[in-house]
Amino acid sequence: MSTVERVETPPAVEAVELIRIRMPLVAPFRTSFGTQTARDALLVHVLAGGVEGWGECVAMEEPLYSSEYVDAAEHVITAHLLPRLWRNGPTDAAGVATVLEPVKGHRMAKAALEMAWLDAELRAQNRSFAQRLGAVTDRVRSGVSVGIMPDVDALLDTVQGYLDQGYLRIKLKIEPGWDVEPVRAVRQRFGDDLLLQVDANTAYTLADADHLARLDEFGLLLIEQPLPEEEVLAHAKLARRVRTPICLDESIVSAVVAAEAIEMGACSIVNIKPGRVGGYLEAVRIHDLCRERGVAVWCGGMLETGIGRAANVALAALPGFTLPGDTSASDRYFAEDITPPFVLGDDGCLAVPQGPGLGVDVLRDVVDSLATARQTVRPR
Ligand code: SMG
Ligand code: MG
């Protein structure tokens with residue numbers, strides 16, 4: 001069982017710096033809900049008794065992946081979450097979620113704070129995220145998520161490029177009108193051994209079940225989140241009409257929902273994203289319950305900077321993460337990252353950071369050069 005324990009004396013956080021950065025993506029990334037050309041990320045930098053901690057909020061610029069978006073996350077952090085944490089007095093990282101529990105939703109905002117608290121606490125204890133979360137390996141297998149392309153030729157070129165780099169699994173973004181044909185083309189070109197899966201980001205309805213069943217002939221690892229977030233039961237009905245395993249992403253917002261979705265038969269695989277579920281400690285709980293039930297999990301991605309990537313890679317080193325994740329190398333996203341870059345090894349893996357806390361140095365000059373706004377919040 002993974003360790004989610006408390007410390008004796010939590011460091012008192014005396015200031016929280018909220019930094020917004022804008023990082024251009026190396027290529028536009030199109031999904032069923034829109035096209036992104038830059039990552040507008042919110043960083044949380046806490047100072048606590050001589051140690052610092054970093055967190056990253058994965059909310060996007062617009063509320064299109066889910067209801068959260070970065071301006072709202074920053075607002076709820078300053079207006080509601082930090083005031084509760086200050087009022088409570090020193091809180092260890094495992095207590096952050098409990099203190100913030102009365103505030104409904106806003107899981108990505110809560111997760112960013114818990115992450116920064118965890119980083120500070122672990123740096124003070126000279127322990128790594130990997131140790132704290134329960135990692136059992138020091139390298140994690142990397143897949144890559146491939147956006148919707150203008151045409152099939154462009155898609156095949158892009159997939160070829162990623163395979164040449166050594167990625168071990170390809171995920172194709174799909175939507176109505178861009179599904180069976182691109183999947184067929186990739187399968188035909190790269191063969192049956194390619195680990196291949198698709199992600200619809202909620203773009204279909206249960207009425208599309210027969211159409212989605214046409215993907216069955218391509219031997220996909222999974223179909224990720226074909227139906228809307230709230231339609232968990234509909235996913236269970238769909239799962240009975242397609243042979244390809246259903247994996248849930250957007251729908252799984254907590255360990256409770258994960259347990260119910262599995263019991264309902266709505267998914268046989270879970271994409272774990274710590275931001276979506278309120279933090280790394282809840283992510284570990286979902287990992288644990290999936291493992292108990294024999295449900296495979298893999299680590300999702302939200303176009304994280306090196307800060308979020310460091311923690312994701314540590315999480316993906318837990319034993320239940322049996323499928324390659326959307327934990328790609330830094331250069332898949334950015335020309336310049338805000339930590340030393342994560343580089344894909346010859347084995348198609350990323351190395352799990354081993355140093356204290358996140359185990360990566362934040363390049364403060366790069367952060368400053370990308371910053372679009374910042375504010376410092378202190379207890380009153
Ligand atoms: O970080 O490599 C990444 C992105 C992986 O496809 C990815 N994420 O639904 O799983 C998903 C999407 C959400 C973000 S799309 C902008
Ligand atoms: Mg997804």
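Counting convention: from 1, in listed order, for ligands and their atoms alike. Computed over heavy atoms, backbone and side chain alike; hydrogens, waters and symmetry mates excluded. Numbers here simply count residues along the sequence, with the first being 1.
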- Task: Apply the test side chain to side chain contact (heavy atoms under 4.5 Å, CB included) to residues Phe129 and Val313: give CA-CA distance (whole Å), side-chain angles for both, the deciding distance (0.1 Å), then the verdict.
- Result: CA-CA 9 Å; Phe129 254 71; Val313 167; over 6 Å; no
- Show your reasoning for whether side chain to side chain contact (heavy atoms under 4.5 Å, CB included) applies to Leu358 and Met115. CA-CA 9 Å; Leu358 293 168; Met115 181 181 176; 4.0 Å; yes
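Atom numbering of ligand 1 starts at 1 in the shown order; those under 4.0 Å from a heavy atom of Tyr333 are 1 (O), 2 (O), 3 (C). Taking every heavy atom of Glu224 and a limit of under 4.0 angstrom, the matching atoms of ligand 1 come to 10 (O). Every atom of ligand 1 with a heavy atom of Asp249 under 4.0 Å away is listed here by number and element: 9 (O), 10 (O), 11 (C).
At least one side-chain heavy atom of Pro340 sits less than 4.5 Å from a side-chain heavy atom of Leu363. Between Glu114 and Leu100 there is no side-chain heavy-atom pair separated by less than 4.5 Å. Taking the side chain as every heavy atom from C-beta outward, Glu231 and Ser251 never approach each other to under 4.5 Å. Proximity of Leu303 to Gln36: side-chain heavy atoms (C-beta onward) are separated by under 4.5 Å at one or more points.
For ligand 1, the polar-atom distance check against Lys171 finds a nitrogen or oxygen pair separated by under 3.5 Å. For ligand 1, the polar-atom distance check finds no N/O of Phe29 at less than 3.5 Å from any of the ligand's N/O atoms. At a 3.5 angstrom cut-off on N or O pairs, Asn201 counts as close to ligand 1. Among the atoms of Phe33, none of the N or O lies under 3.5 angstrom from an N or O of ligand 1. Remark: ligand 1 and Arg309 share no N or O pair separated by less than 3.5 Å (distance only, no angle test). At a 3.5 angstrom cut-off on N or O pairs, Gln36 does not count as close to ligand 1.
Taking atom 6 (O) of ligand 1 as the reference point, the nearest protein heavy-atom neighbour is Ser145 OG, 2.7 Å. Residue, atom and distance of the protein heavy atom nearest to atom 12 (C) of ligand 1 are Lys173 NZ, 3.2 Å. When hydrogens are left out, the protein atom nearest atom 1 (O) of ligand 1 is Leu303 N, 2.8 Å; that is the closest non-hydrogen contact. Annotation: atom 8 (N) of ligand 1 to nearest protein heavy atom, Gly301 O, 3.0 Å.
The two residues Arg141 and Leu323 have their closest heavy-atom pair at NH2-CA, 4.2 Å.
Comparing heavy-atom distances from atom 11 (C) of ligand 1 across Lys273, Glu250, Arg332 singles out Lys273 as nearest.
Distance CG/Leu81 to NE2/His75: 10.5 Å, rounded to 0.5 Å. Remark: Asp216 CG to Thr244 OG1 distance equals 3.5 Å, nearest 0.5 Å. Atom CD1 of residue Ile77 and atom CE of residue Met108 lie 12.0 Å apart, to the nearest 0.5 angstrom. Here the CZ-OH distance, from Arg132 to Tyr280, works out to 14.0 Å after rounding to the nearest 0.5 Å.
Contacts of Asp199 with ligand 1, taken as heavy-atom pairs under 4.0 Å, involve the side chain alone.
For the side chain to side chain contact (heavy atoms under 4.5 Å, CB included) test with Tyr204, the passing option among Asp179, Ile223, Leu238 is Asp179; the others fail.
By the 30° and 60° cut-offs, the orientation of the rings of Trp54 relative to His45 is parallel.
In this structure, Glu68 does not pair ionically with Lys273, as no charged nitrogen and carboxylate oxygen lie closer than 4.0 Å.
Excluding waters, the protein N/O/S atoms found under 2.8 Å from the Mg ion (ligand 2) are Asp199 OD2, Glu224 OE2, Asp249 OD2.
Heavy-atom distances between Met60 and ligand 1 reach below 4.0 Å in at least one pair.
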